2 protein chains.
Amino acid sequence: MTAKAAQPDLRDDFPDSPARRAVVAVVRGFGAVQRQMGPYFAQFDLTPPQFQMLTVIHRLQDEPVSQRRLGRELYVSFPNITVMLSRMEAAKLIRRRANPLDRREKFVELTRRGESLLNRIWKVHQQQLEHVTAGLNSSEREQLTGLLNKLIFHHVPEESKMETTGVHSKT
Amino acid sequence: MTAKAAQPDLRDDFPDSPARRAVVAVVRGFGAVQRQMGPYFAQFDLTPPQFQMLTVIHRLQDEPVSQRRLGRELYVSFPNITVMLSRMEAAKLIRRRANPLDRREKFVELTRRGESLLNRIWKVHQQQLEHVTAGLNSSEREQLTGLLNKLIFHHVPEESKMETTGVHSKT
DNA sequence: GCAAAATGGTTAACTATTAAACTATCTGCC
DNA sequence: GGCAGATAGTTTAATAGTTAACCATTTTGC
């Protein structure tokens with residue numbers, strides 16, 4: 001915080017603002033959550049995205065689920081789904097099954113191993129979530145959720161017009 | 001939502017809760033912010049983490065800044081700093097200079113190109129931040145910031161005891 | 001009925017990120 | 001003085017994510 005002379009316009013730093021503080025807080029908040037969830041899931045030989053994948057497949061699997069569907073649900077690009085599923089298939093957590101009626105398509109389902117892992121995690125998961133959000137009381141948690149959802153859903157007008165290679169990148 | 005018979009305990013789905021909704025919202029909020037900031041920074045041939053790096057170096061560079069210092073400021077692992085800086089050095093945005101008094105250490109500084117890019121971005125950055133946070137009014141933005149900071153700082157008791165290979169992973 | 005367009009998935013190349021293992025240098029202490 | 005341990009940085013091997021380019025099938029439209 002010493003030298004301040006010389007340079008011309010370089011020292012007019014970026015102005016702070018509520019908008020900037022909010023964006024920074026969102027990014028940091030995510031980082032904090034990730035740093036807590038990472039080691040927790042590692043204990044089950046999973047990563048956070050893989051856990052998300054498992055829960056989504058579980059939730060949808062009353063009927064056949066395609067990989068594209070998973071991409072849309074997880075807000076993640078289709079190529080990424082391919083590689084994540086390949087790893088999870090190697091770990092025998094999920095299975096890909098060709099759709100006999102449309103040979104382009106592959107359905108994804110949990111193996112028994114995947115199901116039972118999910119059940120095992122769920123037994124302790126609520127407790128972990130409580131731990132992560134321990135800084136806030138119940139009403140503050142709801143408030144936070146509400147504000148973030150408002151932030152999120154302000155953009156995303158007509159919620160599915162995409163479909164290029166990537167996800168919602170309609171550019 | 002049809003078949004519901006067979007399986008034993010598999011259908012008792014994971015229970016929702018304020019804690020879970022909050023964590024999910026934080027993750028989604030981050031995703032939404034990223035999807036907006038990515039293309040914006042791409043316009044300047046930068047990525048969001050690279051922009052963060054530039055701003056931190058700019059803020060600190062009144063005195064020599066080591067790479068380790070940057071890792072702590074950015075909450076990012078030291079190896080990651082190495083590779084990010086290598087790319088940014090190749091792009092001539094920053095420069096590494098050996099500390100003559102301690103040859104292990106390297107100081108990092110912005111090049112003129114880095115400085116001027118940062119200035120160029122700052123001219124329109126506030127507007128971009130306003131756009132991203134457009135769903136919330138000013139007081140809601142402050143509220144969101146406050147809640148997230150409360151969430152974040154609940155953990156992190158004695159704020160710097162780390163230093164292994166990674167970041168704050170004192171495990 | 002067939003060619004063009006759309007759809008589902010994969011591969012390739014890149015950035016970001018981590019943990020673990022390694023190199024180089026410096027410091028403390030006997 | 002010299003070695004043990006600490007400190008700064010890098011390399012390696014993973015996972016996750018992106019876009020762009022590609023292959024295979026299916027649908028459409030004439």
Side-chain angles (χ1 to χ4, degrees), chain A residues 27 30-31 34-35 37-39 41-42 45-53 64-72 74-91 93 96-108 162-171, chain B residues 27 30-31 34-39 41-42 45-53 64-72 74-91 96-108 162-171:
Chain A
V27 172
F30 173 76
Q34 282 309 91
R35 275 190 295 279
M37 297 309 272
F41 282 122
D45 282 311
L46 274 187
T47 63
Q50 286 173 354
F51 173 72
Q52 278 314 111
M53 179 72 87
V65 198
S66 71
Q67 302 193 183
R68 258 176 141 75
R69 177 81 192 281
L70 292 174
R72 281 186 294 265
L74 290 163
Y75 286 84
V76 140
S77 67
F78 302 127
N80 191 20
I81 295 292
T82 293
V83 315
M84 277 188 65
L85 288 180
S86 297
R87 275 192 281 263
M88 293 174 75
E89 192 168 41
L93 295 171
R96 285 192 254 221
R97 185 166 53 82
N99 177 357
L101 300 171
D102 180 344
R103 299 205 323 279
R104 291 169 302 184
E105 202 170 44
K106 296 178 183 174
F107 293 140
V108 178
M162 80 260 79
E163 303 308 305
T164 61
T165 294
V167 207
H168 307 258
S169 53
K170 64 291 197 109
T171 308
Chain B
V27 173
F30 173 76
Q34 282 309 90
R35 276 190 293 280
Q36 302 240 299
M37 297 309 274
F41 283 122
D45 283 311
L46 275 186
T47 63
Q50 287 172 353
F51 175 72
Q52 278 314 111
M53 179 71 87
V65 197
S66 72
Q67 301 192 183
R68 257 175 141 76
R69 177 79 191 283
L70 292 174
R72 282 187 294 265
L74 289 164
Y75 285 83
V76 142
S77 69
F78 302 128
N80 191 17
I81 295 293
T82 294
V83 317
M84 279 189 64
L85 288 181
S86 297
R87 275 193 279 266
M88 293 174 75
E89 192 169 40
R96 283 192 255 221
R97 185 165 54 82
N99 177 358
L101 300 171
D102 181 345
R103 301 206 319 280
R104 290 171 303 184
E105 200 171 45
K106 296 179 184 174
F107 293 141
V108 178
M162 80 262 78
E163 303 307 306
T164 61
T165 294
V167 206
H168 308 258
S169 53
K170 65 285 195 111
T171 306

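Proteins get letters first, then strands, A, B, ... in listed order; numbering begins at 1 in each. Excluded from the calculations below are hydrogen atoms, water molecules and symmetry mates; all remaining heavy atoms, backbone and side chain alike, are included. Bear in mind that the values here come from a model prediction, so they are computed numbers and not experimental data.
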For D:dT18 and B:Arg35 - does any side-chain N or O of the residue sit under 4.0 Å from the phosphate oxygens OP1/OP2? no
Euclidean distance, atom CG of residue B:Leu85 to atom P of D:dT11 [Å, nearest integer]: 13 Å
Does any residue of residues 45-52 of chain A have a heavy atom under 4.0 Å from DNA chain C, and if so, which ones, in number order? none
Excluding sequence neighbours, so at least two apart, what forms side chain to side chain donor-acceptor pair (under 3.5 Å) with A:Arg103? none
Grab the N/O contacts between the protein and nucleotides 26-28 of chain C below 3.5 Å, and write none if there aren't any.
residue	atom	partner	partner atom	Å
C:dC26	OP1	B:Arg103	N	2.7

Which residues pass the side chain to side chain contact (heavy atoms under 4.5 Å, CB included) test with A:Gln50, not counting sequence neighbours? A:Leu46, A:Thr47, A:Met84, A:Met88
Can you tell me if B:Asn80 touches the phosphate of C:dT18, counting only side-chain N or O atoms and a distance under 4.0 Å to OP1 or OP2? yes
Rounding to an integer number of Å, can you tell me how far B:Leu70 CG sits from D:dT7 C1'? 16 Å
How many whole angstroms separate atom CE of B:Met84 from atom P of D:dT10? 14 Å
Quick one: B:Phe78 CZ to D:dT10 C1', roughly how many Å, whole number? 13 Å
Say you draw a straight line from CG of A:Leu74 to CG of A:Asn80; how long is it, rounded to the nearest 0.5 Å? 9.0 Å
Let me see the working for B:Phe107 and B:Val65 under side chain to side chain contact (heavy atoms under 4.5 Å, CB included), right down to the final yes or no. CA-CA 5 Å; B:Phe107 293 141; B:Val65 197; 5.8 Å; no
Taking only side-chain nitrogens and oxygens of A:Gln67, does any of them come within less than 4.0 Å of OP1 or OP2 of C:dT10? yes
Rounded to the nearest angstrom, tell me the gap between atom CZ in B:Phe30 and atom C1' in C:dT17. 11 Å
Between C:dT17, C:dA19, C:dG8, which nucleotide gets closest to the side-chain atoms of B:Pro79? C:dA19
Going by ring pair (Phe, Tyr, Trp, His ring centres under 6.0 Å), name the residues that satisfy it together with B:Phe51, two or more places apart in sequence or in a different chain. B:Phe41, B:His125
Is the shortest heavy-atom distance from the side chain of B:Leu85 to the side chain of B:Leu70 under 4.5 Å? yes
Please report the closest heavy-atom contact between A:Pro39 and A:Gln34, naming both atoms and the distance. CD-O, 4.4 Å
For DNA chain D, report each stem as range with range, ordered by first number, or say none. Use Watson-Crick or G-U wobble pairs under 3.5 Å, at least 3 in a row. C:1-30 with D:1-30
Who are the side chain to side chain donor-acceptor pair (under 3.5 Å) partners of A:Thr82, not counting sequence neighbours? none
Could you work out, with side chain to side chain donor-acceptor pair (under 3.5 Å) as the rule, every residue matching A:Arg87, not counting sequence neighbours? none
Under 4.0 Å from OP1 or OP2 of D:dT10: is there any side-chain N or O of B:Arg96 that close? yes
If I take atom CZ in residue A:Arg68 and atom P in nucleotide C:dT10, what distance separates them, rounded to the nearest angstrom? 11 Å
Gap between atoms CE and C1', on A:Met37 and C:dT18 respectively (whole Å): 17 Å
Using the test side chain to side chain donor-acceptor pair (under 3.5 Å), find all partners of B:Gln36 that sit at least two apart in sequence or belong to another chain. A:His155
B:Glu89 pairs by salt bridge (Lys or Arg N to Asp or Glu O under 4.0 Å) with which of B:Lys106, B:Arg97, B:Arg96? B:Arg96
A:Ser77 side chain near D:dT18 phosphate (N/O to OP1/OP2, under 4.0 Å): yes
With side chain to side chain contact (heavy atoms under 4.5 Å, CB included) as the criterion, how do A:Gln67 and A:Phe78 come out once you've worked through the C-alpha distance, each side chain's angles and the decisive distance to 0.1 Å? CA-CA 7 Å; A:Gln67 302 193 183; A:Phe78 302 127; over 6 Å; no
From CD of B:Gln34 across to P of C:dT15 the rounded distance in Å is 17 Å
When you check the phosphate oxygens OP1 and OP2 of D:dT15, does a side-chain N or O of A:Arg87 lie under 4.0 Å from one of them? yes
